[in-house]
Amino acid sequence: VQLQASGGGLVQPGGSLRLSCVASGVISSIDDMGWYRQAPGKQRELVAVITSGGTTNYADSVRGRFTISRDNAKNTVYLQMDSLKPEDTAVYLCNADVVTPWAGSLFSRAYWGQGTLVTVSS
């Protein structure tokens, strides 16, 4: 299983970006999918998470500005980021709890994407 993130880039304060993350491989189902971020010199933090049923949760710092969504048919999670601030600058990483079949059983584990850089600067 691989997670491929895309959509990062340079944007001015107040601007918008949309991140995407596609899971590929032998997948039975995907439970929670989420986005984390890590800024230079800081710890990785949860940005937003969405369950397979569509329930969402956000970090206080992005609530009201960011929207997480997913397309289960495409094994894809999105992060719409609006009203971006310089403090949103970070590498954004996607995460997914993927259920895979093997030897007649199902196994669940967390997978990480490679990260995509978001820079908010004028």
**Asked** Quick one: does Thr76's side chain have a donor or acceptor within less than 3.5 Å of a partner on Lys74's backbone?
**Response** yes
**Message:** Determine whether a donor-acceptor pair (N or O, by modelled atom type, separation under 3.5 Å) exists between the side chain of Thr89 and the backbone of Val120.
**Reply:** yes
Can you confirm whether [X] sits close enough to [Y] that some side-chain heavy atom of one is under 4.5 Å from a side-chain heavy atom of the other?
X      : Y      : value
Val26  : Trp102 : no
Thr100 : Ser28  : no
Ile27  : Asn75  : yes

Find out if a path of hydrophobic residues (ILVMFWY) with successive side-chain heavy-atom gaps under 4.5 Å connects [X] to [Y].
X      : Y     : value
Val99  : Val1  : no
Val118 : Val22 : no
Val91  : Leu79 : no

Indicate the atoms forming the closest heavy-atom contact of [X] with [Y], along with that distance.
X      : Y      : value
Leu84  : Arg65  : CA-NH1, 3.9 Å
Ser121 : Pro13  : C-CD, 3.6 Å
Phe66  : Tyr92  : CE2-OH, 4.1 Å
Ile30  : Ala96  : CG2-CB, 4.0 Å
Gly8   : Thr116 : N-OG1, 3.1 Å

Distance, nearest 0.5 Å, that separates [atom1] of [X] from [atom2] of [Y]:
X     : Y     : atom1 : atom2 : value
Met33 : Cys21 : CE    : SG    : 5.5 Å
Ser24 : Leu3  : OG    : CG    : 7.5 Å
Asn72 : Ser29 : CG    : OG    : 9.5 Å

**Request:** Would you kindly say whether Ser108 and Asp97 are connected by a side-chain donor-acceptor distance under 3.5 Å?
**Result:** no
**Asked** Within 45° of the ring axis of Tyr78 and under 6.0 Å from its six-membered ring centre, is that where the NZ or CZ of Arg70 lies?
**Response** no
**Item:** Stacked cation flag Arg109 on Tyr111, 6.0 angstrom / 45 deg
**Value:** yes
**Ring center gap for Trp112 and Tyr36 short of 6.0 angstrom** = yes
**Message:** Surrounding CD of Gln38 (heavy atoms of other residues, nucleotides or ligands, distance under 6.0 Å), is the total greater than 12?
**Reply:** yes
**Request:** Determine, for Asp88 against Lys85, whether the closest basic-nitrogen to carboxylate-oxygen distance falls under 4.0 angstrom.
**Result:** no
**Request:** Start with the C-alpha distance between Asp82 and Ser16, add both sets of side-chain angles, then the distance that settles side-chain hydrogen bond (donor to acceptor under 3.5 Å, both in side chains), and finish with yes or no.
**Result:** CA-CA 4 Å; Asp82 299 317; Ser16 298; 2.7 Å; yes
Using atom types as modelled, flag every donor-acceptor pair under 3.5 Å from a side chain in residues 45-57 to any protein atom, sequence neighbours excluded.
from: Glu45; atom 1: OE2; to: Arg37; atom 2: NE; distance (Å): 2.6
from: Glu45; atom 1: OE2; to: Arg37; atom 2: NH2; distance (Å): 3.2
from: Thr51; atom 1: OG1; to: Gly53; atom 2: N; distance (Å): 3.3
from: Thr51; atom 1: OG1; to: Gly54; atom 2: N; distance (Å): 3.3
from: Thr51; atom 1: OG1; to: Thr55; atom 2: N; distance (Å): 3.0

**Fill in**
Which of Val77, Asn95, Leu93 passes side chain to side chain contact (heavy atoms under 4.5 Å, CB included) with Trp35? Answer is Val77
